[in-house]
**Student:** 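First the structure, then my questions, so here it is.
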Amino acid sequence: MFDFVRKHTRLFQFVLLILILPSFVLLGVEGYSRFLDGSNAAVATVDGHKITQTEWDLAQRQQVDRMRAQMPNVDAKLFDSPEVRKNVLDNLVRERVLQAVVQNEHRFISDEQLVNLIRNDPQFAVLRGPDGKLNMALLAAQGMSADSFLARLRQDIQNNQVLAPITESAVPVQASADLAFDAFLQQRELQFQRFDAKDFAAALKPTDADLEAFYKDAKVSSAYQLQESAQIEYVTLDAAALQAGLAIKPEDVRKFYDDKANEKRFQLPEERRASHILIKAGEGMTADAKAKAKARAEALLAEARKNPAGFADLARKNSEDEGSAARGGDLDFFGRGAMVKPFEDAAYALKQGEISDLVQSDFGYHIIQVTGVRGGGLRPFESVRADIEAELRKQEGQKRYAEMAEDFNNTVYEQSDSLRPVADKFKLTIQKATVQRKPALDAAGPLASVKLLDAVFSPDALNNKRNTAAVETGPSQLVSARVVSHQAARVPALADVKDKVAAQWVREKAGEAAVKAGQQRLADLKKSGAADGLGDAVVVSRAKPADLPQKALIEIMRADVSKLPAYVGVDAGEGAYLVVRIGKLLPRDPAVVDAKRASDQYAQLWTAAETQAYYGALKTKYKATVKPSALKSAEAASAATN
C-alpha cells in the first residue's frame, strides 16, 4: 500500500478532485464570503443574496488550479478566457440556486445515510480504509478533516437531489424520437441541373468604362486599399549578440567551477535505494490493534537485525505493503520529497546496508534497510565546462550591454537625424524594413514589437524623420529606428490594379449570368414540368449529401414538399446555381444510424432539456440574476491576464 501511494500520489489527488472537490468548490466560496469585505460589488444575486466579484475571482482561480492539476502541460491562459470566466459565474449561480431550494424546502441528509454511502458506493472505494471507514491519512493529505469532508458531501448530495427527480423521470416517448429522427434523416430523390459561372465567363469582355464604373463602387475599391506603411532603418543593441563573439579564458572557467559559492550548481542530487517492511497501523485501528501491530513490528525488527542478508525474504513473507512485498520490500531509488517525512528522514540518516529502528508514519510501522546510495557529489569539470563557458559569456555580454545601454540611448537622441553615428560607435549593422502600424503575421524579433512600431509611427518620427528613442523590444534588447519614407493608407489607381479588378468584374458578372439563367430554367420547369437537361436521379439526406455542397443541401432539405414534384433553385456557392427537381420522399436509411443508439441519445438530450427547463424555472423563482457589467468585466480581466 505504501509503495502504491508513493507512486500514485497524482492519481489520488486526481480522484479526489474528480469525485469530490469540484462539486464543493462553490460551497467553499460561500464560507469565504463571511469574512470578505462586505462592500465588494455584487456581480449576481440569488434569493436576495449577492455573489461578489471577490467570490467570482476566487472560484476562477480554483477552477484554473483544478485544470492545471489535471492537465499540467497545458497553458493556463487557455483556462482564463471570457467564456471560462462566464462558465465559472454560471456555476456559482447554479450552486446558489440549488442551495436556496435545499434551505427553503428543508431538505436534509442524515449521518446514517452518509455513512452508508461511503461504505457502499463504489466511487468512494478509494477513500475507504481496510475497515470500510474513511481513510483519514488520505483526507489529511488533501487538507481536509472528517467533519469538513462530511459537511461538504452532505451539501453536495442535497444539491444533487434537487434536480435528480427530473433527470431520472424525464423519459421521452419513442414516437417523438422517431418523428425527430425521421425529419432529420429523411431522404429525398432528386434531379438537378447546374449552372456554373465559369461557363459564362468566356463571353464577358469588360470595357474601360465598365471597369471605371465598377471600381468607383466603394465596396469594390476598398478591397484593394493599401495600408499605411513606412520604410525604416533600424539598429539593435542586443546582449545576446554582444556575447556571441566573446572569448572566455580557461582559467576563468576553472575558477568558476572551484568557487564554493557555485558548488550547488554542479551538485548531483543524492538518492537512496531502500527496502522496507510495513506493518499497518492506521488511524482507524483501535489502541489494542495498534499495540499488537507494534509488537509484531518489533519482533520483525529483531529478526531482521539478526540476519540482515535475509531482509528481502522477511519482507516478502511479512510486509503489508502489497506494492513492494513481492519485490522483497524494494522501493527503488528515490530523492528527497518522494516519501513521507518520517520515512525520508530515517532513510537518509542510514548508511548503505544499515537497518533502521521502527519508523512510524500515517501508514503504520516501517523497518527500513538502505540498499544503495548514488549522487550527492559534484559533476566532473569536463562535463560542465561548456555550460560554464556559456554562463560566463552570458554574464560578460550582459555586463557590456548594461554599460552600453545608456550611451546607446543618449547617442540616438543627441544625433537624431541619422543612425550612422550610433551604428559606427557600437559597431552595429543598419537594417532596413517596410512596416505597418501593426506587426505582420510573420514578423519576428524587433519588428514584432508593438512598442517599436508605435514609436515609428509617432508624429515626430513620421514628420521630422528623427531617430526614435531607444525602445526595449525584448529582454536586454534596445532598438532605435528612423523613418526613411512614409506612405499613407490609400486606394491605388485603377491602372495599378486593372487586371485584378477586371478578373473580379468577370467573376461577379458571370455569377449573375449563371443565376439569371438558372432562375429562367426554374421558371420554365415549373410551367412545363419537362425534365430535359436534368441529371440522373440521386437520393440524398443530411447524412448522405452525395456531391452536394452543404449550403445547397440545407436549402434542398428545407424546401416545401407538400406537393410533388417540387422545384427549387439554390445558390451552391463558388459561382454555381442549382435547379433542383424533388421527385420522391423516402424514409430514413436504417444503415445510417443505429435506431437503439439514436433513441438513447435522443432520450439523453430530452432529459437534459427538461432538466434545464426546470432549473430555469428555479432561477426565476429565486430571482437569480447576473449583472451585464459582470460579463464585460470577464472580458476585461481575461484581456489583462493575456
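We use all heavy atoms of the structure for the numbers below, so side chains are in, but hydrogens, waters and symmetry mates are not. Note that this is a predicted model, so its numbers are computed, not measured.
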**Student:** Distance under 6.0 Å and angle within 45° of the ring axis: does Arg482 meet both against Tyr234?
**Tutor:**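 No, cation not above the ring by the 6.0 Å, 45° rule.
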**Student:** Output, in order, the C-alpha distance, side-chain angles, deciding distance and verdict of side-chain contact (heavy atoms from CB on, under 4.5 Å) for Ile51 and Arg96.
**Tutor:** CA-CA 9 Å; Ile51 298 173; Arg96 296 297 175 83; 3.5 Å; yes
**Student:** With a cut-off of 6.0 Å (strictly less than), are more than 12 heavy atoms of other residues, nucleotides or ligands near CZ of Phe192?
**Tutor:**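 Not more than 12 within 6.0 Å, no.
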**Student:** Start with the C-alpha gap between Ile556 and Leu190, add the side-chain angles, then the distance that decides, and say whether side-chain contact (heavy atoms from CB on, under 4.5 Å) holds.
**Tutor:** CA-CA 9 Å; Ile556 290 170; Leu190 54 89; 3.6 Å; yes
**Student:** Assess whether a salt bridge exists between Lys509 and Asp210, defined as any Lys/Arg side-chain N lying under 4.0 Å from an Asp/Glu carboxylate O.
**Tutor:**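 Salt bridge absent between Lys509 and Asp210.
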**Student:** Less than 4.0 Å between a side-chain N and a carboxylate O, is that true for Asp196 and Arg194?
**Tutor:**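 Counted as a salt bridge, because a side-chain N and a carboxylate O are separated by less than 4.0 Å.
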**Student:** Does a side-chain heavy-atom distance below 4.5 Å link Leu163 with Arg94?
**Tutor:**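 The answer is yes; the side chains approach within 4.5 Å.
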**Student:** Around atom CG of Asp547, are there more than 12 heavy atoms from other residues, nucleotides or ligands closer than 6.0 Å?
**Tutor:**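 No, the 6.0 Å shell around CG holds no more than 12 heavy atoms from other groups.
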**Student:** What is the distance from atom CZ of Arg466 to atom OH of Tyr413, rounded to the nearest 0.5 Å?
**Tutor:**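 If I round to the nearest 0.5 Å, the distance is 9.0 Å.
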**Student:** Does a salt bridge link Glu555 with Arg558, judged by any charged N lying under 4.0 Å from a carboxylate O?
**Tutor:**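 A salt bridge links Glu555 with Arg558.
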**Student:** Between Asp57 and Arg61, is the closest basic N to carboxylate O distance under 4.0 Å?
**Tutor:**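 No, no charged N to carboxylate O under 4.0 Å.
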**Student:** When you look at Gln231 and Gln487, which way does the side-chain contact (heavy atoms from CB on, under 4.5 Å) test go after all the steps?
**Tutor:** CA-CA 8 Å; Gln231 296 281 339; Gln487 290 285 347; over 6 Å; no
**Student:** Are Glu396 and Arg400 ion-paired here, with the side-chain N under 4.0 Å from a carboxylate O?
**Tutor:**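 Arg400 and Glu396: salt-bridged.
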**Student:** Please round to the nearest 0.5 Å and tell me the distance separating atom CZ of Phe457 and atom NE2 of His486.
**Tutor:**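 If we round to the nearest 0.5 Å, Phe457:CZ and His486:NE2 are 5.5 Å apart.
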